[in-house]
Asks: 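This is the structure I want to talk about, given as structure tokens.
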Amino acid sequence: MTKDVRTRFAPSPTGLLHVGGIRTALYAWLVARQNQGQFILRLEDTDQSREVYGADSHIIECLKVLGLDYDEGPDKSGNFGPYRQSDRLDLYKIWAQKLIDSGRAYADPYTSEEVQKFRELAQKQKIPFLYRNHRPEKLPKWDGTKPLRFKSDPKPYIWTDAVMGTLSTGTEVIDDFVLIKSDGFPTYNFAHIVDDAEMKITHVIRGQEFIASTPNYLNMYEALGLDRPILATMPHILNESGNKKLSKRDGAKDVLDYTNDGFLPEALINFIATLGWNDGTEQEIFSIQELIQKFSLSRVGRSGAHFDEKRLLWINGIHIRNMGLKELSNKVVKYWPKTADKANEDYKEKVLSLTKERLKFFKELPELTEFFFTELPINPKLISENKYLKKLDKSEIISLLETSKATLEQSDFTYADLTNSLNNLLETTNQKPAILFSLIRIATTQAPASPGLAESLELLGKKVSIERINNQIENI
RNA sequence: GGUCUCAUCGUCUAACGGUUAGGACACUAGGUUCUCAUCCUAGAAACCCGGGUUCGAUUCCCGGUGAGAUCACCA
């Protein structure tokens with residue numbers, strides 16, 4: 001019987017969750033789901049000064065919209081709660097006491113100013129600063145008013161990371177880090193180890209900012225007599241242009257920005273999952289089920305990947321096109337232009353079926369469909385800047401429009417009959433489609449782009465189409 | 001500065017000693033009776049540099065360079 005897989009996403013509620021941050025959560029979720037294990041959300045809120053109001057509910061909302069459901073979390077009880085570190089303070093005291101009892105923890109006798117002096121001195125001497133070089137001979141007793149430090153056991157480490165492979169460091173990275181701060185809260189370094197052990201976490205999947213402190217954690221596992229979990233370190237996702245880590249400050253949008261703009265959760269997940277991971281085949285589009293089945297940490301790339309929004313746009317378009325009309329229709333309800341309010345559902349669904357293949361994200365819907373619901377103002381530039389039409393006289397244009405109108409008035413405006421009428425018009429006017437169809441399309445839509453002419457006319461209907469042609473004639 | 005990590009088209013990547021270095025996004029050109037899009041076809045586009053090892057290196061080793069991470073009573 002293999003051990004139950006339990007993975008966790010453990011963000012600190014200090015800001016918004018952007019696309020880079022969510023990747024770690026996604027991978028942890030995938031590992032849990034593919035092993036029929038559990039995925040746990042734990043809020044690491046041990047730094048009160050950095051906490052951002054509402055960040056916790058934002059994180060929960062992001063996971064929810066993407067469908068990364070967790071089996072245990074702050075708002076979902078489990079056997080290993082509470083799932084908010086600020087509610088687990090007693091537990092850290094208990095584990096700290098174990099270290100104190102075994103002589104592996106002691107009170108930091110120095111003020112932070114004194115420690116800072118040691119640090120500057122080391123800098124001046126151009127040697128790495130190590131707190132343990134200043135460790136008192138006789139370890140001071142801890143009364144809770146001073147920081148509690150780990151008495152480390154410096155040694156070199158070689159370990160295996162599920163993503164990075166074999167990693168190694170020398171003794172110089174091991175130090176007496178702080179376990180409990182003077183405000184009584186544990187540090188991340190200590191709290192996450194206690195929590196992962198208490199919560200029986202099997203895979204610690206996190207960003208590469210933790211790679212340098214991992215040897216200290218290995219040292220701590222030993223001091224506590226704990227088995228190490230499987231460690232997996234993710235490279236950062238970089239900004240589109242530069243080489244900076246993706247961050248909100250540089251204009252990176254958070255997950256909700258994307259879903260609000262009408263990006264599909266499954267497309268977002270497809271995009272994020274394949275940013276630095278592939279299954280070794282040439283497949284690019286994955287359903288969530290396929291990802292659960294095929295994902296593996298060992299195929300995650302070791303170098304940082306740039307966020308490419310164009311690719312996200314492409315993936316989202318594909319997922320939209322692969323979706324049934326009814327389903328799509330249900331998802332776009334809140335994105336229609338205001339002018340569509342009066343339109344009936346059947347008509348909107350027809351508009352959607354014509355627009356579907358050019359929709360990249362739902363927020364584009366109004367600009368793509370507005371003319372189906374309301375008559376847009378005449379835009380003279382559409383004719384005056386058209387490659388073919390700008391060469392024609394006004395009189396020629398009016399004449400073409402009049403002829404077109406006369407022919408279309410005879411049509412019953414079914415798709416077949418419209419196609420037929422339009423073909424006849426090409427013959428009677430002896431014009432190229434580039435001229436005739438452009439003109440009719442512009443007159444009836446006033447839009448720079450639209451679906452096919454016959455389909456559009458059919459949907460607009462005879463009355464509206466003729467009115468718009470008239471209006472164009474009067475405003476040449 | 002110390003430590004650690006990484007390095008294939010503009011971007012995401014495949015390759016695990018022998019390939020015309022493959023795919024995808026983006027881009028360019030053409031086709032689909034008009035536009036935009038879809039779809040199809042074609043095109044341009046990459047192994048960071050220098051040494052080894054080897055019959056043969058993008059691939060293995062060393063050095064350099066570049067990039068990233070970290071060196072908090074932050075996570």
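So that the names make sense, note that chain A is the first sequence line, chain B the second, and so on, each numbered from 1.
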Asks: What pairs with A:His203 under side-chain contact (heavy atoms from CB on, under 4.5 Å), at least two apart in sequence or on another chain?
Replies: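 Result, side-chain contact (heavy atoms from CB on, under 4.5 Å) vs A:His203: A:Val5, A:Thr7, A:Val31, A:Ile205, A:Ile230, A:Leu297.
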Asks: One thing to verify: whether A:Glu198 and A:Arg88 come together as a salt bridge, which I'm taking to mean a side-chain N less than 4.0 angstrom from a carboxylate O.
Replies: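 Salt bridge between A:Arg88 and A:Glu198, a charged N being under 4.0 Å from a carboxylate O: no.
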Asks: Check the distance between B:C39's P and A:Glu357's CD and give it to me in whole angstrom.
Replies: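 Between P of B:C39 and CD of A:Glu357: 9 Å.
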Asks: Using atom names, set out every protein N or O paired with an N or O of nucleotides 70-73 of chain B below 3.5 Å, distance rounded to 0.1 Å.
Replies:
{"from": "B:A72", "atom 1": "OP2", "to": "A:Arg119", "atom 2": "NE", "distance (Å)": "2.8"}
{"from": "B:C73", "atom 1": "OP2", "to": "A:Arg149", "atom 2": "NH2", "distance (Å)": "3.1"}
{"from": "B:C73", "atom 1": "O2", "to": "A:Ser182", "atom 2": "N", "distance (Å)": "2.8"}
{"from": "B:C73", "atom 1": "O2", "to": "A:Ser182", "atom 2": "OG", "distance (Å)": "2.7"}
{"from": "B:C73", "atom 1": "N3", "to": "A:Ser182", "atom 2": "OG", "distance (Å)": "2.9"}

Asks: Kindly state which residues belonging to residues 366-373 of chain A come within less than 4.0 angstrom of RNA chain B, counting heavy atoms of the residue only, listed by number.
Replies: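 Within this stretch, nothing sits under 4.0 Å of the strand.
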Asks: Is the shortest distance from a Lys or Arg side-chain nitrogen in A:Glu327 or A:Lys331 to a carboxylate oxygen in the other one below 4.0 Å?
Replies: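 Here A:Glu327 pairs with A:Lys331 in a salt bridge, since their nearest N and O are under 4.0 Å apart.
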Asks: With a 6.0 Å cut-off on the ring centroids, do A:Phe307 and A:Phe271 count as close?
Replies: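 Ring centroids of A:Phe307 and A:Phe271 are less than 6.0 Å from each other.
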Asks: Sequence neighbours excluded, which residues qualify as side-chain contact (heavy atoms from CB on, under 4.5 Å) partners of A:Asp393?
Replies: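 Only A:Ser395, A:Glu396 meet the side-chain contact (heavy atoms from CB on, under 4.5 Å) criterion with A:Asp393.
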Asks: Could you check how far CG of A:Leu365 sits from P of B:A37, rounded to whole Å?
Replies: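 Spelled out: CG on A:Leu365 to P on B:A37 is 17 Å.
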Asks: Compute the ring centroids of A:Trp277 and A:Tyr27, then answer whether they are less than 6.0 Å apart.
Replies: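 They do not qualify: ring centres at least 6.0 Å apart.
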Asks: Can you establish whether the number of heavy atoms outside A:Tyr221 located under 6.0 Å from its atom OH is more than 12?
Replies: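 Count over threshold, so yes.
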Asks: Report the residues that fulfil side-chain hydrogen bond (donor to acceptor under 3.5 Å, both in side chains) with A:Asp87, sequence neighbours left out, ordered by chain and then residue number.
Replies: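 Per chain and number, A:Asp87 pairs via side-chain hydrogen bond (donor to acceptor under 3.5 Å, both in side chains) with no residue.
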Asks: Return the value, rounded to whole Å, for the distance between atom CG of A:Asn216 and atom C1' of B:C4.
Replies: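 Rounded to the whole Å, the gap is 13 Å.
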Asks: How long is the line joining CD of A:Glu120 and P of B:G2, in whole Å?
Replies: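 From A:Glu120 CD to B:G2 P: 20 Å.
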Asks: Can you sort out the partners of A:Asp175 under salt bridge (Lys or Arg N to Asp or Glu O under 4.0 Å), two or more places apart, ordered by chain and number?
Replies: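 Result, salt bridge (Lys or Arg N to Asp or Glu O under 4.0 Å) vs A:Asp175: none returned.
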Asks: Which atoms of nucleotides 59-65 of chain B (N or O only) lie under 3.5 Å from a protein N or O atom, and what are those distances?
Replies:
none

Asks: In whole angstrom, give me the gap between the C1' atoms of B:C34 and B:A45.
Replies: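 One C1' to the other, the span is 33 Å.
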Asks: Is a side-chain N or O of A:Arg149 found less than 3.5 angstrom from the main chain of A:Tyr106, in a donor-acceptor match?
Replies: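 Checked: no pair found.
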Asks: With C1' as the reference atom in both, quote the distance from B:A7 to B:C47 in angstrom, rounded to an integer.
Replies: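 Rounded to whole Å, the distance is 10 Å.
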Asks: Measure the distance from NE2 on A:His306 to P on B:A67 and round it to the nearest whole Å.
Replies: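 After rounding, the gap between these two atoms is 12 Å.
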Asks: For RNA chain B, determine which residues of residues 155-177 of chain A have any heavy atom closer than 4.0 angstrom to one of its atoms, and list them numerically.
Replies: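 Under 4.0 Å from RNA chain B: A:Met164, A:Leu167, A:Ser168, A:Thr169, A:Glu172, A:Val173.
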Asks: Quick one: A:Arg302 CZ to B:U13 P, roughly how many Å, whole number?
Replies: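 A:Arg302 atom CZ is separated from B:U13 atom P by 13 Å.
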Asks: Just by protein heavy atoms under 4.0 Å, how would nucleotides 22-29 of chain B read 5' to 3' in B, S and -?
Replies: SBBSS---
Asks: Which comes earlier along RNA chain B counting from the 5' end, the contact point of A:Lys126 or that of A:Gly304, where each point is its nearest nucleotide?
Replies: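 Result of the comparison: A:Lys126.
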Asks: Once you round it to whole Å, what is the distance between P of B:C12 and CD1 of A:Ile285?
Replies: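 Distance check: A:Ile285 CD1 to B:C12 P gives 17 Å.
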Asks: Below 3.5 Å is the cut-off: list the nitrogen or oxygen pairs between protein and nucleotides 32-36 of chain B, distance only.
Replies:
{"from": "B:U33", "atom 1": "N3", "to": "A:Asn423", "atom 2": "OD1", "distance (Å)": "2.8"}
{"from": "B:C34", "atom 1": "O4'", "to": "A:Pro433", "atom 2": "O", "distance (Å)": "3.2"}
{"from": "B:C34", "atom 1": "O2'", "to": "A:Ser438", "atom 2": "OG", "distance (Å)": "2.6"}
{"from": "B:C34", "atom 1": "O2", "to": "A:Arg441", "atom 2": "NE", "distance (Å)": "3.1"}
{"from": "B:C34", "atom 1": "N4", "to": "A:Leu453", "atom 2": "N", "distance (Å)": "2.6"}
{"from": "B:U35", "atom 1": "O2'", "to": "A:Pro448", "atom 2": "O", "distance (Å)": "2.9"}
{"from": "B:U35", "atom 1": "O2", "to": "A:Arg441", "atom 2": "NH1", "distance (Å)": "3.3"}
{"from": "B:U35", "atom 1": "O2", "to": "A:Ser450", "atom 2": "N", "distance (Å)": "2.8"}
{"from": "B:U35", "atom 1": "O2", "to": "A:Ser450", "atom 2": "O", "distance (Å)": "3.3"}
{"from": "B:U35", "atom 1": "N3", "to": "A:Ser450", "atom 2": "O", "distance (Å)": "2.7"}
{"from": "B:C36", "atom 1": "O2", "to": "A:Arg358", "atom 2": "NH1", "distance (Å)": "2.5"}
{"from": "B:C36", "atom 1": "N3", "to": "A:Arg358", "atom 2": "NH1", "distance (Å)": "2.5"}

Asks: Could you check whether any side-chain N or O of A:Thr214 sits under 3.5 Å from a backbone N or O of A:Phe210, counting only pairs where one atom can act as donor and the other as acceptor?
Replies: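 Here the side-chain-to-backbone pair exists.
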Asks: Could you give the CG-to-P distance, from A:Leu313 to B:U38, as a whole number of Å?
Replies: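 Going from CG in A:Leu313 over to P in B:U38 covers 10 Å.
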Asks: Return the nucleotide paired to B:G66: Watson-Crick means purine N1 to pyrimidine N3 with N6-O4 or O6-N4, wobble means G-U with N1-O2 and O6-N3, both under 3.5 Å.
Replies: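 WC or wobble partner is B:C6.
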Asks: Considering only the C1' atoms, how many Å lie between B:U19 and B:U58, rounded to the nearest integer?
Replies: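 B:U19 and B:U58 have their C1' atoms separated by 12 Å.
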Asks: Which parts of residues 48-59 of chain A get close to RNA chain B, meaning a heavy atom less than 4.0 angstrom away?
Replies: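 Contacting residues: A:Arg50.
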Asks: Between the side chain of A:Asp176 and the main-chain N/O of A:Arg132, is any donor-acceptor distance below 3.5 Å?
Replies: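 No, because the side chain of A:Asp176 does not come within donor-acceptor range (under 3.5 Å) of the backbone of A:Arg132.
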Asks: If you assign each of A:Ala10 and A:Thr274 to its closest nucleotide in RNA chain B, which residue comes earlier from the 5' end?
Replies: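 Of the two residues, A:Thr274 wins.
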Asks: For B:U13 and A:Asn278 - does any side-chain N or O of the residue sit under 4.0 Å from the phosphate oxygens OP1/OP2?
Replies: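 No.
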Asks: Name every donor-acceptor pair, under 3.5 Å, that has one atom in a side chain of residues 376-384 of chain A and the other anywhere in the protein, sequence neighbours excluded.
Replies:
{"from": "A:Asn379", "atom 1": "OD1", "to": "A:Lys381", "atom 2": "N", "distance (Å)": "3.2"}
{"from": "A:Ser384", "atom 1": "OG", "to": "A:Pro380", "atom 2": "O", "distance (Å)": "3.3"}

